[in-house]
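Reading through the structure tokens given below for one structure.
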Amino acid sequence: MPTRSSTSAGAPAASRTIVFSHANSYPAGTYRLLFEHWRAAGWRVEAVETLGHDARYPVTTNWPRLVEQLAAFVDGLGVARPVLVGHSLGGLLSLMLASQRPDIPRALVMLDSPVFSGWRARSLQALKASRWIERLPPGKISRRRRYQWPTREAVHAHFAGKSVFARWDPRVLADYVQAGFVERDGHLTLAFTREVETRIYNTLPHQLGELLHRHPLKCPVSFIAGTQSIEMRQGGVAGVRALARDHLVWMEGTHLYPMEKPDETARLVLDQIKKISA
């Protein structure tokens, strides 16, 4: 069965369930503060801890097997009509699942997921076909990412010294240090391997427009975008506006605003769920 991150073990099946899907390279445990907010509000929260690491669901172009992994996970929960919430990678997987399996979601909330459409989608397809995408960031960077440290203290010092992570809420960084690294052969290594991370970047979905034309969404959608998100600029806003319509809202921060402002993010997600699924 898919790996599960849950703090509601043994809870009965209920419609007040959020199924959360994480961003590329950040295991679900990184989002502990969001989950605690949602549970305090009466929601059951479930998540695959590390997407893309189950050999039954390999990372291939446009991520069809990852969608299967998420579908199998949700089916295994035995809950009725959960709300799907996903950050970046997780939002795109939740979107594709909602399109292909309209029986599953009651609503969908996407957190800064780059939705490539129009000429941007065609450009992405060409980059993938030519394999030029492998020479570009972020995949070029993740392929060579440092993956091994002697202690958790060393892990924390390494990431705390980086400008991207300096914006994070310190509690989230602490959670990432715990959830994102595992002991192997006397060292701490990335729980989310750089090989899987890189494959995910290099196989970004370019077919979302075609998919949604064939399988229009049956559930309401909200999209929360970061005001300083480079990923939003890369993916464009047109596809997002078509999806969320009147439920596109903005959060101050970068693509990683859930890590920068976890409390505000958690509250805004609950507010959007209330608005679109009332």
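Computed from a predicted structure; not experimentally measured.
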For [X] versus [Y], what's the shortest heavy-atom pair and its separation?
X: Cys219; Y: Arg106; value: CB-O, 3.8 Å
X: Gly253; Y: Arg167; value: CA-NH2, 4.3 Å
X: Asp175; Y: Gly29; value: CB-O, 3.8 Å
X: Gln272; Y: Ser222; value: OE1-OG, 2.8 Å
X: Ala28; Y: Val48; value: CB-O, 3.6 Å
X: Ile224; Y: Tyr257; value: O-OH, 2.6 Å

Between Val109 and Ile276, is the side-chain contact (heavy atoms from CB on, under 4.5 Å) condition met? List the steps.
CA-CA 9 Å; Val109 181; Ile276 66 177; 4.2 Å; yes

Among Phe73, Trp43, Tyr31, find the one that has a ring pair (Phe, Tyr, Trp, His ring centres under 6.0 Å) with Phe20.
Tyr31

Side chain proximity check, [X] to [Y], heavy atoms < 4.5 angstrom:
X: Val85; Y: Ser21; result: no
X: Tyr201; Y: Ser142; result: yes
X: Leu208; Y: Leu92; result: yes
X: His156; Y: Leu173; result: yes
X: Val74; Y: Pro82; result: yes
X: Leu95; Y: Leu211; result: no

Do [X] and [Y] share a hydrophobic cluster (ILVMFWY, side-chain heavy atoms under 4.5 Å, transitive)?
X: Val155; Y: Val164; result: yes
X: Val240; Y: Leu124; result: yes
X: Trp168; Y: Leu34; result: yes
X: Val67; Y: Leu217; result: yes
X: Val249; Y: Leu256; result: yes

N/O donor-acceptor pair under 3.5 Å between [X] side chain and [Y] backbone:
X: Thr193; Y: Val196; answer: yes
X: Ser99; Y: His215; answer: yes
X: Arg171; Y: Leu33; answer: no
X: Trp38; Y: Arg44; answer: no

Separation between [atom1] of [X] and [atom2] of [Y], rounded to the nearest 0.5 Å:
X: Thr60; Y: Leu66; atom1: OG1; atom2: CG; result: 7.0 Å
X: Gln234; Y: Ser123; atom1: CD; atom2: OG; result: 12.0 Å
X: Trp63; Y: Gln207; atom1: CH2; atom2: CD; result: 9.5 Å
X: Phe165; Y: Met259; atom1: CZ; atom2: CE; result: 8.0 Å
X: Ser113; Y: Glu231; atom1: OG; atom2: CD; result: 10.5 Å

Between [X] and [Y], do the side chains contain an N or O donor and an N or O acceptor separated by less than 3.5 Å?
X: Thr17; Y: Glu46; answer: no
X: Asp112; Y: Ser229; answer: yes
X: Lys128; Y: Thr203; answer: no
X: Glu252; Y: Gln228; answer: yes
X: Arg143; Y: Thr198; answer: no

Salt bridge flag under 4.0 Å for residues [X] and [Y]:
X: Glu68; Y: Arg65; result: yes
X: Arg199; Y: Glu197; result: no
X: Asp103; Y: Lys218; result: no

More than 12 non-hydrogen atoms from neighbouring residues, nucleotides or ligands closer than 6.0 Å to [atom1] on [X], yes or no?
X: Arg146; atom1: CZ; result: yes
X: Ile230; atom1: CD1; result: no
X: Asp246; atom1: CG; result: no
X: Tyr147; atom1: OH; result: no
X: Arg131; atom1: CZ; result: no
X: Arg152; atom1: CZ; result: yes

Please test Leu136 against Lys140 for side-chain contact (heavy atoms from CB on, under 4.5 Å), starting from the C-alpha separation and ending with a verdict.
CA-CA 5 Å; Leu136 302 173; Lys140 178 182 178 181; 5.7 Å; no

Aromatic ring pairing His255/His87, orientation class (parallel under 30°, perpendicular over 60°, tilted between):
tilted

Working for ring pair (Phe, Tyr, Trp, His ring centres under 6.0 Å), residues Phe181 and Phe159
CA-CA 12 Å; Phe181 304 85; Phe159 286 96; 5.6 Å; yes

Using the side-chain contact (heavy atoms from CB on, under 4.5 Å) rule, pick out the option among Val83, Leu70, Ile104 that qualifies with Val19.
Leu70

Compute the centroid of each ring, for [X] and then for [Y], and state whether the two points are separated by less than 6.0 Å.
X: Tyr176; Y: Tyr26; result: yes
X: His247; Y: Phe223; result: no
X: His22; Y: Phe192; result: yes

Do we get Arg135 above Trp132's six-membered ring, with its NZ or CZ under 6.0 Å from the centre and within 45° of the axis?
yes

If you apply the rule side-chain contact (heavy atoms from CB on, under 4.5 Å), what do you find for Met251 with Thr227, and how did you get there?
CA-CA 6 Å; Met251 165 73 77; Thr227 58; over 6 Å; no

Does the pair Arg267 and Asp271 meet the rule for a salt bridge (Lys or Arg N to Asp or Glu O under 4.0 Å), with working shown?
CA-CA 6 Å; Arg267 288 192 290 266; Asp271 180 61; over 6 Å; no

Could you please spell out the steps behind the side-chain contact (heavy atoms from CB on, under 4.5 Å) verdict for Met96 and Asn62?
CA-CA 10 Å; Met96 290 188 279; Asn62 297 325; 5.8 Å; no

Mind running ring pair (Phe, Tyr, Trp, His ring centres under 6.0 Å) on Trp149 and His187 for me, showing each step along the way?
CA-CA 6 Å; Trp149 291 262; His187 298 276; over 10 Å; no

Full working for salt bridge (Lys or Arg N to Asp or Glu O under 4.0 Å) between Arg32 and Glu36
CA-CA 6 Å; Arg32 176 186 63 85; Glu36 288 189 354; 2.8 Å; yes

